[in-house]
Number of protein chains: 2
Amino acid sequence: MTTNRRSGPHRPATIPDVAREAGVSRSTASRALADYGSVSPEARERVRAAARKLGYRPNQLARSMITGRTHTLGAVVADIQNPFFAGVTRGITDAARAAGYQILLANTDEDPAAERAAVKTLRDRHVDGLIVSPASTTDTAHLTAAHTGGCPVVLLDRRVPHLDLDSVTVDNHGAAQDAVRRLLAVGHRRIALVSLVGNDATDDPVDPGSTGLARMAGYRAALREAGIDDAAAYLRTGAFHGQDPALLARDLLDSPEPPTAVFATDSLVALGVLSAARELNLRVPEDLSVITFDDTDWARAVRPRISVVAQPVQELGAQAVHALIARVQGGAHPPEHTTLPTEFIERESVAPARKRP
Amino acid sequence: MTTNRRSGPHRPATIPDVAREAGVSRSTASRALADYGSVSPEARERVRAAARKLGYRPNQLARSMITGRTHTLGAVVADIQNPFFAGVTRGITDAARAAGYQILLANTDEDPAAERAAVKTLRDRHVDGLIVSPASTTDTAHLTAAHTGGCPVVLLDRRVPHLDLDSVTVDNHGAAQDAVRRLLAVGHRRIALVSLVGNDATDDPVDPGSTGLARMAGYRAALREAGIDDAAAYLRTGAFHGQDPALLARDLLDSPEPPTAVFATDSLVALGVLSAARELNLRVPEDLSVITFDDTDWARAVRPRISVVAQPVQELGAQAVHALIARVQGGAHPPEHTTLPTEFIERESVAPARKRP
DNA sequence: GCCCGATGTGGGAACGTTCCCAACCTGCTC
DNA sequence: GAGCAGGTTGGGAACGTTCCCACATCGGGC
């Protein structure tokens, strides 16, 4: 087995090979295959036949060296194992493939240092653009550097203030407000919001990130509308990273004046709430109404089925891809901020509030 | 005034630039940076200083053209949204990054045609190797073609008979046998296995694939050991694709002589079983014991918490990466078949069998 | 008859790197 | 003092493609 691929029996055919076979020059063969410039019909046909015969596959590396385009996008997400990002990643790969792009995947685990490293490596690989769900709202110099350095960046799920990059997010404020309004509409007054900390692991342990902030703001807005001013009374965010949401929820539900309804900002938190409720022998929805963000598999299989704010996860990824490709191919238009609507899916986890015994 | 015609404001520095700055030739600069051949200490230091000053980043594309290595691996998985593959993908990216490789991700949705297309595209991108969870046990010509064509392939999670490729799988037979033994040990005799169809969307709608087959075999083996010969009585596999596991389970649990225990081959099936049980007012574990494959987030949050056969999902991905890199860098050793152990996690969803009223 | 544009064609350069090889110094031995 | 080994250096080629440009041919309009 020779390691030299020049003399190998199955050396992949190149343009010179095809040109020789077709009896034309490299230039003509290249034009015929890439379908540009002007080539006579006969020459084009001969080249195509030769390429077919030799099983010619263009070398994308060489092509990329000339054109400066790799048709590859980098996706830098926080955690693929999180169902939300799994769905987003699915949307990204599907949309990219449909548009003729491939995806280089990187996981940051919410670590800004890992994110910087990933962005660096992906840029070294000459990706045409980057989709990033930024781990930090402050440590973003590498993102602007990439963007101004010719590698467009689209922000996914999370917005960074004062950063002039395209972004694709969900209407977190509106979705939270709507969900809390529904709880208010059936008579709840003591409504809790339970959340883990946000998307920032290092800078500030309690920084809720743009997503968490927007959801809290929507929650507060709905309460204010209803004349409830003390919005902080039932607001619980994980004080430190890795905190067990079940403990957080237990603490809340076991208080002297417990909430009659809980709004969970993600599915993991919701599991904690349900777990705590069972432990305290609280029935859902009779004793406790529950709404959560994210329509996971178990939310529609558990009894009672959980009412949720469904995010268009795949669409989120797809829109990010489209925005990025537009930026890659096209021009310098002002940054666009796309906000996708959420959908409230009503199930059986919400009941009218009732007097406590 | 630069001599280069493309004097953009931020043209990335190249080796000639560094060499000029350091007052040496391209060759010396290249040797100093790549740390091979022989370079005088002074020259090496001058080159390094120049590279630092100019912010030199080697062009991986050009490097790959020469070396024939891209330090990129292709991962072709069935469905990233499936928690199992999400975990596997996580393991793959982590292990790859640690070894200095990047991951090009492709989703097949269990479609052999999509898998063929993905393999073709990734090979065109000159990945150094491929990790594939094959959608079909018969349509595998593209995999052997890739392997013999110099692009090593490692099979993930699923084995293909008579295919001499490295594989990394889980001990499905042993895991299933162990789980069923545990049910037998506490007195159950009417034990059901509920499964969706396997990993093949086109060839044969009821082909359970290697994974499913092994699990069924383990189930049968355990029953035989216990002297139960009619192993088919409580074996339920989804007859066609997309079948609702809850319906399948309902059908089973509502029969005249229903099982007292159910073994679900994946977490989605388990949700269906739990859903059906609630619908029929069967309590878990008093009326029905449940064990499932895959330790998902909800399995440890739901009440009762579900006993599971946990697969080492991340380890599975990591091992595949290591096997592939060994194949890429090293030599032609005979194909290795790695089988990883599973772990039974005992929770509260299994109770001793009792007489039916 | 001559210019001109349109059309087809081929040669050369370029992209940025690695690798091979010849040439050059040293300093040492015989 | 010639030869030789070992370290150091630079020039050239190569990887496979695209792109620029020069050239050749041909018909038509003046």
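Order of the sequence lines sets the chain letters (A, B, ...), proteins ahead of strands, with each chain counted from 1.
Phosphate proximity of D:dT9 to B:Thr28: absent, as no side-chain N or O sits under 4.0 Å from OP1 or OP2. Here B:Ser30 reaches the OP1 or OP2 of C:dT18: one of its side-chain N or O atoms lies under 4.0 Å away. OP1 or OP2 of C:dG10 lies within a sub-4.0 Å distance of a side-chain N or O belonging to A:Ser25. Note on B:Ser38: every side-chain N or O is 4.0 Å or more away from OP1 and OP2 of D:dG7.
The distance between atom CG of A:Asp35 and atom P of D:dC19, rounded to the nearest whole Å, is 13 Å. In this structure, the CD1 atom of A:Ile15 is 14 Å from the P atom of D:dC15, given to the nearest Å. Atom-to-atom, CZ of A:Arg46 to C1' of C:dG10 comes out at 14 Å; the value is rounded to the nearest Å. Separating the CZ atom of A:Arg125 from the P atom of C:dG16 is a distance of 18 Å, rounded to the nearest angstrom. The distance between atom CZ of B:Arg11 and atom P of C:dG16, rounded to the nearest whole Å, is 7 Å. Between A:Leu54 atom CG and D:dG16 atom P the separation is 14 Å, expressed in whole Å. In this structure, the OH atom of A:Tyr36 is 13 Å from the P atom of D:dC21, given to the nearest Å. B:His71 places its NE2 atom 15 Å from the C1' atom of C:dT17, with the value rounded to the nearest Å.
Between the side chain of A:Arg26 and the base of C:dG12, a donor-acceptor pair under 3.5 Å is found. Remark: the A:Arg31 side chain and the C:dG10 base include a donor-acceptor N/O pair separated by less than 3.5 Å.
Using a 4.0 Å heavy-atom distance criterion, B:Thr14 is classed as a sugar-phosphate-only contact. Residue contacts shown for A:Ser40 are limited to sugar-phosphate atoms, with no base heavy atom under 4.0 Å away.
Atom-to-atom distance recorded for A:His147:NE2 and A:Arg327:CZ is 5.0 Å, nearest 0.5 angstrom. Taking CD of A:Gln329 as the start and CG of A:Leu324 as the end, the distance is 10.0 Å to the nearest 0.5 Å. With rounding to the nearest 0.5 Å, the separation of CZ in B:Arg116 from OG1 in B:Thr121 is 12.5 Å.
Here the side chains of B:Leu73 and B:Leu130 are not in contact, with every heavy-atom distance at 4.5 Å or above. Between A:Thr338 and A:Thr169 the shortest side-chain heavy-atom distance does not fall below 4.5 Å.
The backbone N or O of B:Glu336 sits less than 3.5 Å from a side-chain atom of B:Asp166, completing a donor-acceptor pair. Looking only at distances, a side-chain donor or acceptor of A:Asp128 sits under 3.5 Å from a matching main-chain atom of A:Thr70.
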B/S/- along nucleotides 22-28 of chain C (protein heavy atoms under 4.0 Å) is -------
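Looking only at atom types and distance, the side chain of B:Ser167 has a donor-acceptor partner in the side chain of B:His337 under 3.5 Å away. B:Asp157 and B:Ser133 are not linked by any side-chain donor-acceptor pair at a separation below 3.5 angstrom, with hydrogens and angles left out of the test.
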For residues 30-41 of chain A, tabulate all N or O donor-acceptor pairs below 3.5 Å that involve a side-chain atom, not counting sequence neighbours.
unit_1, atom_1, unit_2, atom_2, d
A:Asp35, OD1, A:Arg44, NH1, 3.0
A:Ser40, OG, A:Ala43, N, 3.3

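Near DNA chain D, defined here as any heavy-atom distance below 4.0 Å, the residues from residues 58-68 of chain A are A:Pro58, A:Asn59, A:Ala62, A:Arg63, A:Ile66, listed numerically.
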